[in-house]
Amino acid sequence: MKVIAIAVLIAVTAIAAAAAVALRVTWKLTHPRRKPVESRPEDVSLQAYESVSFPSRESGITIRGWFIPAEGNGFGKSERTLIFSHGYGQNRLEPHLPALSLAADMVSNGYNVLLFDFRNSGESSPALTTIGLREQQDLLGAIDYLKATRPEQKIGLIGFSMGAATSLMVGGMDERVETIIADSPFYSLQEYLEENLPQWTGLPRYPFNWLILTLSPLMLQANPRDVVPYEAVKQAGKPILFIHGTKDTTVPSSNSEQLYQLATHEASRLWLVPGTGHVRSYPHDPETYVSHVIDFLQRAWISGTETKSFIHAKKPSPID
């Protein structure tokens with residue numbers, strides 16, 4: 001009996017230790033270190049911009065960013081605004097992109113741009129990072145702000161990684177959004193974490209995947225099962241451009257391929273970029289990237305007023 005008691009004690013101690021490690025790792029994943037906003041629009045020759053702040057739809061959270069108009073920067077008055085959404089652990093600059101450079105390209109092509117920091121990023125309020133769940137409230141706050149201050153604006157979303165998934169979930173359901181560009185999104189957060197969590201935690205798949213995915217919803221009141229971009233894509237009924245590098249080892253390009261198959265709008269497109277990694281398609285070839293995005297937006301906005309009539313089961317083949 002003594003041997004059994006010792007074995008039980010060892011087992012319980014091991015389980016408790018594993019659970020403690022899982023909870024600690026979960027806390028670190030949901031509290032990534034902030035990156036400072038170290039660049040400004042004038043660094044890419046965007047002289048006219050407005051520092052803005054607005055409430056997230058979640059009470060007590062203030063979101064901060066920049067509104068960059070095309071007109072003020074010498075490119076004529078525009079009634080179309082692209083809202084950028086950054087990735088996990090980044091901020092509005094998305095420095096490896098870099099987002100300011102892409103914003104300058106969009107402005108020079110006649111689009112206004114709104115860049116902002118999600119919660120717990122950049123200059124926005126501290127809060128739990130939930131990899132697309134509660135971040136939806138921040139993006140909704142950005143849309144609310146834009147419509148309250150510039151009601152004439154037509155809205156398109158462009159997001160990267162976590163921001164791409166968030167843009168799909170918000171834009172797919174919000175009628176104020178007319179088109180979406182999703183660069184390197186995941187299909188389902190739960191499925192993604194089940195497969196890829198070890199590369200984020202550095203821990204063995206067993207037993208830590210199960211512990212983290214079981215304990216974190218209880219501890220944080222934020223369940224990865226509720227982060228389902230694919231459900232929003234099925235219901236979107238609007239043009240979506242999926243962009244994904246074929247050498248992406250962080251979020252494999254199969255995620256965008258699966259999502260594209262669910263998109264119903266005739267103007268939706270999938271662009272698989274050969275040889276590029278996670279959110280690296282723009283820096284790989286900025287000119288080609290911008291050309292694809294602008295071509296898509298022009299086609300999407302032409303059909304935007306007739307969205308419902310463009311819903312078909314069959315769509316053009318992916319872009320090579």
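Counting begins at 1 with the first residue of the sequence. Please read these numbers as outputs of a predicted model, since none were measured by experiment.
- Ring pair Phe186/Tyr192 is parallel by interplanar angle, where below 30° counts as parallel and above 60° as perpendicular.
- Nearest heavy atom pair, residue Asn73 against residue Ala48, reads ND2-O, 2.9 Å.
- The pair Glu50-Arg150 meets the salt-bridge criterion, with a side-chain N (NZ, NE, NH1 or NH2) lying under 4.0 Å from an Asp/Glu carboxylate O.
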side-chain contact (heavy atoms from CB on, under 4.5 Å) between Leu272 and Phe242, intermediate numbers included: CA-CA 8 Å; Leu272 296 176; Phe242 299 97; over 6 Å; no
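- Side-chain contact annotation: Thr276 with Ser281, donor-acceptor N/O pair under 3.5 Å present.
- Within a 6.0 Å radius of CD in Glu287, other residues, nucleotides and ligands contribute 12 heavy atoms or fewer.
- Under the 3.5 Å distance criterion, with hydrogens and angles disregarded, a donor-acceptor pair is assigned to the side chains of Asp105 and Tyr282.
- Other residues, nucleotides and ligands contribute only 12 or fewer heavy atoms inside 6.0 Å of the NZ atom of Lys247.
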From CA spacing to verdict: side-chain contact (heavy atoms from CB on, under 4.5 Å), Ser121, His86: CA-CA 10 Å; Ser121 300; His86 64 77; 3.5 Å; yes
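- Glu194 and Gln190 form a side-chain donor-acceptor contact under 3.5 Å, judged by distance and modelled atom types alone.
- Side-chain atoms of Thr129 and His31 include no donor-acceptor pair closer than 3.5 Å.
- Donor-acceptor pairing under 3.5 Å is recorded for the side chains of Asn196 and Gln199.
- Side chain to side chain, Glu135 and Thr130 meet the donor-acceptor criterion of an N or O pair below 3.5 Å.
- Between Tyr187 and Pro185 there is no side-chain heavy-atom pair separated by less than 4.5 Å.
- Judged by distance alone, the side chains of His244 and Ser256 do bring a donor and an acceptor atom under 3.5 Å apart.
- Under the side chain to side chain contact (heavy atoms under 4.5 Å, CB included) test applied with Asn112, the options Gln153, Arg80, Met106, Lys154 reduce to a single match, Gln153.
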